[in-house]
Amino acid sequence: MNKISYLDITLIFLLIFSVIPGFFGLFELSLGIFAAIPLILMMRLSVLDGSLENRMLSISYSISQFICWVIGFLGCIYFLSPKGFNIGTHTIVTMVLINLVMWGSLIGTLIAEPFKKIQSKNLNYNEEITKELTSKGFQITAAIFVFFMVVNYLSGGFFSRQQIGNTVEPGTILYFLSAFSTLQYLFFLFLGFRLNRPLLNQSNIVNLIIVLFSMLIASLTGGRGFSIRMIIYTILGSFYSKLKSKDIKRIIVISIPFVLFFTIIIGNVRGNLDFSESLNLFTRITLIGKAATGNLEATGSDYDDPLYSTFTRIAEPTGQIVIDHVAETGSYIGLRNFERIATAFMPKIIGDKEPMDDGGERLRDEYGVYITQFTNAPITSMADAFERGGYGAVFMFSLIMSFYLTKLSGYIGRLKKQLLRITLRISFAYTCSVLYAPSILGCISVVTYNFIRDGLLIWALIFVIEATTKKIKNVQSKT
């Protein structure tokens with residue numbers, strides 16, 4: 001008889017507590033808890049039938065939607081509303097929509113790969129990556145990471161959020177850095193591969209210090225995603241290391257405070273004009289230190305409140321503007337702008353084309369949202385699907401996306417080269433974690449053009465690592 005797992009207990013808890021808040025009028029909370037059930041079910045079934053790797057992309061996509069529209073959204077309702085912030089009018093509609101997204105994602109992945117109860121296996125049971133490949137990969141990706149950081153700083157990339165914005169001129173250094181950026185984070189994946197037992201040995205401590213230092217350096221740009229991506233790659237890499245499950249769980253627990261730190265502190269400090277206008281890294285380090293110790297001078301804006309800067313960034317209130325409009329008018333836009341798919345695979349450097357992600361321009365032109373190249377105001381895929389076809393479109397988009405991502409991960413699993421399989425899946429899984437933000441057209445571009453581009457870059461990198469390792473082995477065998 002199988003033992004009851006933590007996920008089983010969590011499911012029972014969610015079923016019970018998804019009902020209770022409704023009796024107290026907390027309907028958004030009740031629906032938010034209910035939306036967690038398909039996510040936990042997806043994880044539990046993936047563990048039971050050993051399909052966790054095949055469902056990795058779908059799970060990542062679902063988690064991102066949950067974080068945005070449940071954790072972030074409920075945070076705005078229950079923590080910021082008492083302070084006067086109103087995220088929207090039709091909040092119940094929003095919580096119904098996120099349930100459609102989550103259940104659609106569960107059904108989509110089960111259609112793509114039906115559940116089969118076989119002996120459970122986790123990521124730890126994969127064949128171990130050879131020490132030679134790990135070592136050479138670590139060296140090569142470390143050189144790539146340092147190169148990217150130095151060139152990014154010299155070309156003004158560290159201050160692009162305030163000086164350049166979201167629009168990078170095709171053909172420039174920053175344009176190519178952005179196109180090849182997926183390679184720089186693989187350094188932390190290989191760093192995770194290198195972790196060994198015991199957990200607190202000298203090598204592991206040095207590696208974790210490297211991660212924290214890199215996160216601090218990346219945070220000087222004012223962005224939180226770079227730093228969080230580094231620690232996520234390290235954790236995912238540790239699943240393929242010699243660490244045991246309990247060691248990995250400890251790393252995850254230890255990393256949570258650091259993720260919260262970078263999420264809250266960086267969100268707080270970048271609202272400070274001294275930080276955003278300064279081109280001096282030492283000044284920025286000083287301001288981050290003041291924010292961490294609570295000594296940052298207040299600016300008089302809402303961003304002085306760490307909860308405001310955190311929850312409004314996670315929840316993406318601009319998406320709620322669209323949801324409120326559709327709920328009130330009942331008007332839909334159908335397949336507007338879908339003709340842009342014809343140029344989806346044409347790089348910007350070849351010729352001018354309209355951006356695939358049409359969310360920003362629609363928010364600006366139709367909803368009066370103040371958007372410039374220095375602001376980030378996504379429409380979100382859920383709100384876009386709702387505006388295009390209502391509740392049914394939201395459900396079907398999520399189902400199709402989850403189906404596609406599960407199939408794609410399954411095809412990747414058929415590749416013969418183990419290191420290539422692992423690297424592609426983890427890189428794509430992180431990309432899926434931001435699919436909540438773009439419009440539907442933006443999502444289509446990401447899971448087609450971006451995946452093909454990044455896949456080719458990763459394939460080339462793994463080819464170089466394996467060829468170099470093989471050459472070294474041949475030289476050593478001759479001597």
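Values in this document were obtained by computation on a predicted structure and should not be read as measured data.
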I'd like to know if E113 and K407 make a salt bridge, using a cut-off of under 4.0 Å between side-chain N and carboxylate O.
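No.
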State whether the side chain of [X] and the backbone N or O of [Y] hold a donor-acceptor pair below 3.5 Å, judged by distance alone.
X: Y78; Y: L29; answer: yes
X: S51; Y: V47; answer: no
X: S227; Y: A218; answer: no
X: R250; Y: L199; answer: no
X: S402; Y: G108; answer: no
X: S60; Y: L57; answer: no
X: D454; Y: T182; answer: no

What residue pairs, at least two apart or across chains, pass side-chain hydrogen bond (donor to acceptor under 3.5 Å, both in side chains) with a residue in residues 389-398?
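Matches after skipping sequence neighbours: Y61-S398.
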May I have the step-by-step check of salt bridge (charged side-chain N to carboxylate O under 4.0 Å, His left out) for E361 and R340, ending in yes or no?
CA-CA 14 Å; E361 63 189 76; R340 298 184 186 186; 2.7 Å; yes
[X] vs [Y] aromatic rings, parallel, tilted or perpendicular, using cut-offs 30° and 60°?
X: F226; Y: Y185; answer: parallel
X: F428; Y: F451; answer: parallel
X: W69; Y: F73; answer: tilted

Please indicate whether Y449 has more than 12 foreign heavy atoms, meaning atoms of other residues, nucleotides or ligands, lying under 6.0 Å from its OH.
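More than 12 within 6.0 Å, yes.
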Regarding [X] and [Y], is there a side-chain donor-to-acceptor distance under 3.5 Å anywhere?
X: R229; Y: Y233; value: yes
X: R425; Y: S409; value: yes
X: S381; Y: Q65; value: yes
X: T380; Y: E316; value: no
X: T406; Y: S58; value: yes

[atom1]-[atom2] distance between [X] and [Y], expressed to the nearest 0.5 angstrom:
X: F145; Y: I210; atom1: CZ; atom2: CD1; result: 10.0 Å
X: R364; Y: I379; atom1: CZ; atom2: CD1; result: 12.0 Å
X: L26; Y: I20; atom1: CG; atom2: CD1; result: 11.5 Å

Check whether any side-chain heavy atom of [X] sits under 4.5 Å from a side-chain heavy atom of [Y], and report yes or no.
X: L243; Y: I251; value: yes
X: T423; Y: L420; value: no
X: L260; Y: I256; value: yes

Just to verify, which of K116, R44, R55 counts as forming a salt bridge (Lys or Arg N to Asp or Glu O under 4.0 Å) with D49?
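So, applying the salt bridge (Lys or Arg N to Asp or Glu O under 4.0 Å) to D49 and each of K116, R44, R55, only R55 qualifies.
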Side chain to side chain contact (heavy atoms under 4.5 Å, CB included) partner of L441, the single match among D357, V446, I341:
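Testing L441 for a side chain to side chain contact (heavy atoms under 4.5 Å, CB included) against D357, V446, I341 leaves exactly one candidate, I341.
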Run through T94, T91, N86 and flag the one making a side-chain hydrogen bond (donor to acceptor under 3.5 Å, both in side chains) with Q320.
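One option only clears the test, and that one is T94.
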